[in-house]
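The basis for the numbers below is simple: all heavy atoms, side chains too, and nothing from hydrogens, waters or symmetry mates.
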Amino acid sequence: MGDYPVLAAPLAAGETVRRDHLASRSGNLAELPNRTLLDPDEIVGQVATRALPPGQPLQAHQFRSLPLVERNQRVVVEARGAAFRISREGQALEPGGLGDRVRVRFDNREVVTAEVVGEGVLVVDF
């Protein structure tokens, strides 16, 4: 038994989820569909892929991240380590939202995969 988030009111396709869109419901978590989202923080800021009714368990496939990086966009890639931080500009080869890993090509044709951490900003950790 436990709590899980549901929508308090209908949500239109393409609409961004805000915290006030969510309500909490209690029930048997084992009876929920696969990939049901149990943490409201995973849902807030996501975009609905289709119209969603209120009161239903929310599943991962019903949402997508807001794109913070577009394909072919010039982006900044930061390499971070324990005692250093280096940044370099490149071109995103694919779109991505917060936490997504996307490929970036630099001017010398080198390609790296980096994690999206902000609008036009990606990170490679060492």
S.K.: Working to the nearest 0.5 angstrom, can you tell me the gap between R105 CZ and L93 CG?
M.R.: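 Rounded to the nearest 0.5 Å, the CZ-CG separation comes out at 5.0 Å.
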
S.K.: Kindly give the cluster partners of Y4, where membership spreads through any ILVMFWY side chain lying under 4.5 Å from a current member.
M.R.: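 Answer for Y4: V6, L29, L32, L38.
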
S.K.: With sequence neighbours left out, which residue pairs that include part of residues 32-43 fulfil the side chain to side chain donor-acceptor pair (under 3.5 Å) condition?
M.R.: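 Those involving residues 32-43 are R19-D41.
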
S.K.: Measuring from atom CZ of F63 to atom CD1 of I43, what distance do you get when rounded to the nearest 0.5 angstrom?
M.R.: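 CD1 of I43 is found 5.5 Å from CZ of F63.
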
S.K.: To the nearest 0.5 angstrom, please state how far the CD atom of E115 sits from the CZ atom of R101.
M.R.: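 Separation between the atoms: 6.0 Å.
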
S.K.: Answer yes or no: is there a side-chain heavy-atom contact under 4.5 Å between Q56 and R25?
M.R.: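 No, too far: nothing below the 4.5 Å cut-off.
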
S.K.: Checking the side chain of Q46 only, and the main-chain atoms of S65 only, is there a donor and an acceptor separated by less than 3.5 Å?
M.R.: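 Yes, the answer is positive, given that a donor and an acceptor are paired below the 3.5 Å cut-off.
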
S.K.: Any side-chain heavy atom of P10 sitting closer than 4.5 Å to one from P54?
M.R.: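 In short, these two side chains touch, coming nearer than 4.5 Å.
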
S.K.: Looking only at atom types and distance, does a side-chain atom of E78 sit under 3.5 Å from a main-chain N or O of R85, one as donor and one as acceptor?
M.R.: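 Side chain of E78 to backbone of R85: no pair is present.
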
S.K.: Do you know which of T113, V76, V77 makes side chain to side chain contact (heavy atoms under 4.5 Å, CB included) with V104?
M.R.: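 The option that passes is V77.
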
S.K.: Please report the shortest heavy-atom distance between L22 and P40, naming the atom on each side.
M.R.: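 Shortest heavy-atom separation between L22 and P40 comes out as CD1-CB, 4.0 Å.
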
S.K.: For a quick test of reading the model, state the closest non-hydrogen atom pair linking F106 to R88 and the distance between them.
M.R.: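 Looking at all heavy atoms of both residues, the shortest contact is CB-NH2, 3.4 Å.
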
S.K.: What heavy-atom pair brings A92 and V69 nearest, and what distance separates the two atoms?
M.R.: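 Minimum heavy-atom separation between A92 and V69: CB-CG1, 3.4 Å.
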
S.K.: State plainly whether one hydrophobic cluster holds both L37 and L52, where clusters connect Ile, Leu, Val, Met, Phe, Trp and Tyr through side-chain heavy atoms under 4.5 angstrom apart.
M.R.: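 Yes; L52 is reachable from L37 via cluster members.
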
S.K.: Please give the remaining members of the hydrophobic cluster of V121, linking ILVMFWY side chains under 4.5 Å, ordered by chain and number.
M.R.: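 Members besides V121, by chain and number: V117, V123.
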
S.K.: Tell me, do Q91 and Q73 make a side-chain contact under 4.5 Å, heavy atoms counted?
M.R.: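 The answer is no; the side chains never approach within 4.5 Å.
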
S.K.: Can you establish whether the number of heavy atoms outside E119 located under 6.0 Å from its atom CD is more than 12?
M.R.: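 No, not enclosed.
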
S.K.: If every non-hydrogen atom of H61 is compared with every non-hydrogen atom of R50, which pair is closest and at what distance?
M.R.: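 Heavy-atom minimum between the residues: NE2-NH2, 4.3 Å.
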
S.K.: Is L68 linked to V44 within one hydrophobic cluster, defined over Ile, Leu, Val, Met, Phe, Trp and Tyr using a side-chain heavy-atom separation of less than 4.5 Å?
M.R.: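 No; tracing contacts between hydrophobic side chains, which count when under 4.5 Å, never links both residues.
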
S.K.: How close do L7 and P53 get, heavy atom to heavy atom, and via which atoms?
M.R.: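 For L7 versus P53, the nearest heavy atoms are CD1-O, 3.9 Å.
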
S.K.: Can you hop from V102 to L98 via hydrophobic side chains spaced under 4.5 Å?
M.R.: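 Yes, V102 connects to L98 through the hydrophobic network.
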
